[in-house]
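What follows is a single structure, written as structure tokens, with notes after it.
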Amino acid sequence: MAIIETEATLHEAHRDNHTHRDVNGGWLRPAVFGAMDGLVSNLALMTGVAGGSVAHQTIVITGLAGLAAGAFSMAAGEYTSVASQRELVQAELDVERRELRKHPKDEEKELAALYASRGVEPDLAREVARQLSKDPEQALEIHAREELGIDPGDLPSPTVAAVSSFGAFALGALLPVLPYLLGATALWPAVLLALAGLFACGAVVAKVTARSWWFSGLRQLALGGAAAGVTYVLGALFGTAVG
């Protein structure tokens, strides 16, 4: 009885610790990319304009315009790219579906050969392939996983990608503008808030990906700070040249 309880406890522990996160990138990739891009691009845009010694109202308008343009551009780009990828996958699934309908025995042999190549005994591989091939939709799913590396029932959504990207970019791009909207007239509060946001985003991403939070945060801080510094210098040089 004690052995059964121990096995049950181990089984429950394995089950509780063996769940996986969504790695297909339906919302995580566009959200993370959107937030980072919004922060870095709008901060760099605003510091570049500020380097030209313009009025703070011009910097605010620039930041708000960058937020709106970037958010819509990111959403449109994500929707188009994910929709195109989904359509390509669907086309390949249609090809596989036709092959399963026209040449079921060949596809069954192909599946058996695949299992055999992975160490399953040939007779067992053929029997497994035969049983799995009885249901056409199940056979399609297995062939898609094995040959295309995709799950037909878990394809990324273009709408989810677009909405995630739009919201994340807008939120990230808002941070550098926020101090100005709250009454600031100097650039440094916007830079400090944006850099803090970059570090926080990097740390949050590390929690999702199991990377070191401080390394990921410092990496994003360094990249964003470098982009802002370079554009500020360029803005100052161009402002001097134009002036």
Side-chain angles (χ1 to χ4, degrees), residues 19-51 56 59-83 85 154 156-184 186-235:
T19 56
H20 296 284
R21 291 167 291 207
D22 178 18
V23 296
N24 288 325
W27 64 270
L28 180 59
R29 185 190 64 83
V32 170
F33 181 68
M36 296 297 182
D37 192 26
L39 267 167
V40 175
S41 64
N42 220 27
L43 174 63
L45 178 63
M46 292 173 63
T47 53
V49 172
H56 78 276
I59 301 175
V60 174
I61 294 173
T62 300
L64 292 175
L67 185 158
F72 281 108
S73 176
M74 285 287 294
E78 281 294 334
Y79 185 91
T80 302
S81 64
V82 175
Q85 179 187 7
D154 192 25
S157 166
T159 302
V160 170
V163 171
S164 299
S165 180
F166 181 93
F169 186 99
L171 183 61
L174 178 63
L175 285 184
V177 187
L178 192 58
Y180 284 102
L181 297 179
L182 296 177
L187 179 64
W188 64 266
V191 173
L192 289 179
L193 183 59
L195 293 180
L198 281 169
F199 183 85
C201 283
V204 169
V205 171
K207 290 295 183 181
V208 176
T209 59
R211 282 292 300 244
S212 172
W213 65 270
W214 58 266
F215 174 81
S216 184
L218 288 176
R219 179 176 60 185
Q220 296 302 327
L221 178 64
L223 292 173
V230 169
T231 54
Y232 183 87
V233 171
L234 290 176

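S165 places no side-chain N or O within 3.5 Å of a backbone atom of A161 that could act as its donor or acceptor partner. Of the possible polar contacts, one joining the T231 side chain to the A228 backbone as a donor-acceptor pair under 3.5 Å is found. Judged by distance alone, with hydrogens and angles left aside, the side-chain atoms of S81 form a donor-acceptor pair with the main-chain N or O of E78 at under 3.5 Å.
Here the straight-line distance linking atom CG of L218 with atom OG of S212 works out to 8.5 Å at 0.5 Å rounding. Distance check: I59 CD1 to L64 CG gives 12.0 Å after rounding to the nearest 0.5 Å. For the atom pair S73 OG and F169 CZ, the distance stands at 7.5 Å (nearest 0.5 Å). Distance check: S41 OG to M46 CE gives 11.0 Å after rounding to the nearest 0.5 Å. Atom CG of L175 and atom CG of L192 lie 12.5 Å apart (nearest 0.5 Å). I61 CD1 to H56 NE2: the interatomic distance, rounded to the nearest 0.5 Å, is 10.0 Å.
Here the side chains of F166 and M74 are not in contact, with every heavy-atom distance at 4.5 Å or above.
The minimum heavy-atom distance linking V177 with A173 is given by the pair CG2-O, 3.5 Å. Nearest approach of G66 to L45, heavy atoms of both residues: CA-CD2, 3.9 Å. The two atoms that bring Y232 and T47 nearest to each other are CD1-O, 3.3 Å, heavy atoms only. Shown here for A190 and L43, the closest heavy-atom pair between the two residues is O-CD1, 4.4 Å. The two residues P189 and A186 come nearest to each other via the heavy atoms CD-O, 3.3 Å.
The aromatic rings of F199 and W213 stand perpendicular to each other, their planes meeting at an angle above 60°, with 30° marking the opposite boundary.
Taking a 6.0 Å sphere around OH of Y79, one finds it holds 12 or fewer heavy atoms contributed by other residues, nucleotides or ligands.
Partner of L174 under the side-chain contact (heavy atoms from CB on, under 4.5 Å) criterion, chosen from L181, L39, N42: L181.
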